[in-house]
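Whatever order the structure lists them in is the order used to number ligands and atoms, beginning at 1.
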Amino acid sequence: MSAVGQARAYPNPREAAQALRTGECSGVVGALPFDLDAPAALWEPVDMTVSTEQIDPIHPQRRGVTVVAREPEPAEHMRRVASLVERIRAGEAGKVVLARALTLGTDEAVDPIALAGAFASGNATRNAFAVALDAAGERYAGQWIVGASPELLVTRRGREVFCRPYAGTVPRSADPVVDEQRAASLRDSAKDLAEHAFVVEFLRERLAPFCADIDVPDQPALLSTGELWHLATPITATLADPATTALDLALAMSPTPALGGTPSDVAAGLIAHYEGDRGFYGGAVGWCDDEGDGDWVVTIRCVGVAADRHRLTTWAGGGIVAESDPAVELAETTAKFATALRALGADPAIAAESD
Ligand SMILES: C=C(O[C@H]1C=CC=C(C(=O)O)[C@@H]1O)C(=O)O
């Protein structure tokens, strides 16, 4: 999908959804923030091309990338996980996704479109995105969010709706035998299955007002990226009212407990307390056309590119449940950083250096 020009910006995503429904707007593209009350980077393009063509993969060039800051430091991330586990055990929430960020610096300016190509080269489906954030207002002028998300929030084609939530993770191994063992341990992990179930239940509830029949497999599947094994559940449904657009569905579902938690409002409050504003990490990027069709993926495994193109941010989070272990959660975020660091041509080991 590619979009050219900007006919109108929609910092309020609900206004964009309304304009699509009334036909006042011919399509929207862009990014939804994690907090849907914050400004969105959505716009109506002058020209929008939806095709099955994949982004040209570009082998990442080795680049000098340094870690400027860890937000928070690894020890503090573990303290936060421990504190959340206590709150969860006390019954305050069922699950909360806690994330940390790396601020990176590079001497060589980053070209967002070339970076999307480098992300595309790292996954078999050649999926990647690069979204300019200017439509979200002055604070985001010149900034981009670029990444390759394995997690499909929602696709709508006519009345057919498809979601593929991810939750539950183990790092992969270069040794095929160990890699298989890790995948098997994830499939059987009660803690990861519980983490996953929160997401699937949430989606079932959020789809119910819009869909006539919702098909959810009993067990999640094991899916891999270059760096990680995940639990994923393919969900299909049929729209009851064809006037419901892909953007309506994305707004009803984002953020799922794969990025937020359960209950949603409690988790949002805890995330704001521990992390502050997530900006576009954990939101969704995608498009919706004048027929209401569209694709939205969850904004993870990504890099925020500053207007100067030298300052970068990448984020990684993990679902915290009653059985979570702080050191394992820290290691999971370190493994998740590898996707973005590889695409940047950096050594993924820099994520772990002071862990
Ligand atoms: C929050 C992230 O991943 C989500 C998606 C897949 C698996 C996840 C997990 O196992 O915790 C997370 O819910 C991230 O990559 O930053």
Side-chain angles (χ1 to χ4, degrees), residues 34 71 77 80-81 84-85 88 93-102 119 122-123 127 129 145 147-153 163-172 182-183 185-187 189-203 220-233 253-262 264 267-268 271 274-275 278-285 296-304 313-326 328-343 348 351:
F34 175 73
E71 294 162 24
H77 185 74
R80 291 179 186 181
V81 172
L84 264 178
V85 166
I88 289 168
K95 170 181 175 179
V96 180
V97 177
L98 189 68
R100 64 189 186 108
L102 298 179
F119 267 105
N123 69 77
N127 263 319
F129 58 83
I145 189 113
S149 175
E151 183 166 6
L152 177 68
L153 178 66
C163 305
R164 199 185 49 233
Y166 276 53
T169 304
V170 290
R172 298 195 61 179
R182 289 197 186 164
S185 74
L186 178 63
R187 195 186 43 227
S189 156
K191 177 242 165 203
D192 287 279
L193 288 164
E195 210 179 304
H196 191 78
F198 281 111
V199 188
V200 171
E201 276 322 301
F202 172 91
L203 286 175
L222 272 175
L223 292 183
S224 62
T225 67
E227 294 79 22
L228 303 155
W229 283 106
H230 288 300
L231 296 177
T233 296
M253 294 191 292
S254 185
T256 77
L259 269 300
T262 306
S264 307
I271 290 165
Y274 287 105
E275 294 177 32
R278 278 185 175 173
F280 285 88
Y281 164 69
V285 300
W296 294 87
V297 296
V298 179
T299 316
I300 52 174
R301 319 295 152 80
C302 57
V303 172
T313 308
T314 185
W315 303 261
I320 310 303
V321 290
E323 303 79 29
S324 295
D325 175 87
V328 174
E329 293 302 330
L330 179 70
E332 184 175 315
T333 53
T334 304
K336 283 175 174 161
F337 282 133
T339 307
L341 292 173
R342 285 226 171 85

When you measure from atom 16 (O) of ligand 1 to each heavy atom in Trp315, Phe198, Tyr281, Tyr166, which option holds the nearest one?
Tyr281
Please report the closest heavy-atom contact between Glu275 and Ala99, naming both atoms and the distance.
OE2-N, 2.7 Å
Would you confirm whether Arg164, through its side chain, and Leu153, through its main-chain N or O, come within 3.5 Å as a donor-acceptor pair?
no
Return a table of donor-acceptor pairs under 3.5 angstrom between the side chains of residues 313-321 and protein atoms on other chains or two or more places apart.
| residue | atom | partner | partner atom | Å |
| --- | --- | --- | --- | --- |
| Thr314 | OG1 | Cys302 | O | 2.8 |

Could you check whether any heavy atom of His196 sits closer than 4.0 Å to an atom of ligand 1, since that is the contact criterion I want to use?
no
Could you tell me whether a side-chain N or O of Ser264 sits under 3.5 Å from a main-chain N or O of Gly260, the two making a donor and an acceptor?
no
Using distance alone, determine whether Gly317 and ligand 1 share an N or O pair under 3.5 Å.
yes
For Phe34 and Gly282, which heavy atoms make the closest approach, and how far apart are they?
CD1-O, 3.5 Å
Does ligand 1 have an atom that lies less than 4.0 angstrom from a heavy atom of Ala316?
yes
For a quick test of reading the model, state the closest non-hydrogen atom pair linking Ala338 to Pro348 and the distance between them.
CB-CB, 4.0 Å
Give the atoms of ligand 1, by number and element, whose distance to some non-hydrogen atom of Gly318 is under 4.0 Å.
11 (O)
So which protein heavy atom does atom 15 (O) of ligand 1 come closest to, and at what separation?
Arg301 NE, 2.6 Å
Considering non-hydrogen atoms of the protein only, which is the closest contact for atom 11 (O) of ligand 1, and what is the distance?
Gly319 N, 2.8 Å
Give the contacting part of Leu259 toward ligand 1: side chain, backbone, both or neither, where contact means a heavy-atom distance below 4.0 Å.
side chain
Nearest protein heavy-atom contact for atom 8 (C) of ligand 1: which residue, which atom, what distance?
Lys336 NZ, 3.3 Å
Taking all non-hydrogen atoms of both residues into account, name the closest pair between Ala322 and Val85 and its distance.
O-CG1, 3.6 Å
Around atom 5 (C) of ligand 1, find the nearest protein heavy atom and jot down its residue, atom name and distance.
Glu151 OE1, 3.5 Å
Heavy-atom nearest pair, Leu223 first then Ala232, reads CD1-CB, 3.6 Å
Kindly give the heavy-atom pair with the smallest separation between Ile271 and Leu259, and that separation in Å.
CD1-O, 3.7 Å
Provide the number and element of each atom of ligand 1 under 4.0 Å from a heavy atom of Glu195.
9 (C), 10 (O), 11 (O)
Within 4.0 Å of some non-hydrogen atom of Glu332, the atoms of ligand 1 are 9 (C), 10 (O), 11 (O)
For His230, the atoms of ligand 1 under 4.0 Å from one of its heavy atoms are 6 (C), 7 (C)
Going by an N to O cut-off under 4.0 Å, is there a salt bridge joining Glu151 and Lys336?
no
Heavy-atom nearest neighbour in the protein, as seen from atom 10 (O) of ligand 1, with distance rounded to 0.1 Å
Thr169 OG1, 2.5 Å
Ranked by distance from atom 13 (O) of ligand 1, the top protein heavy atom is Ala258 O, 2.6 Å
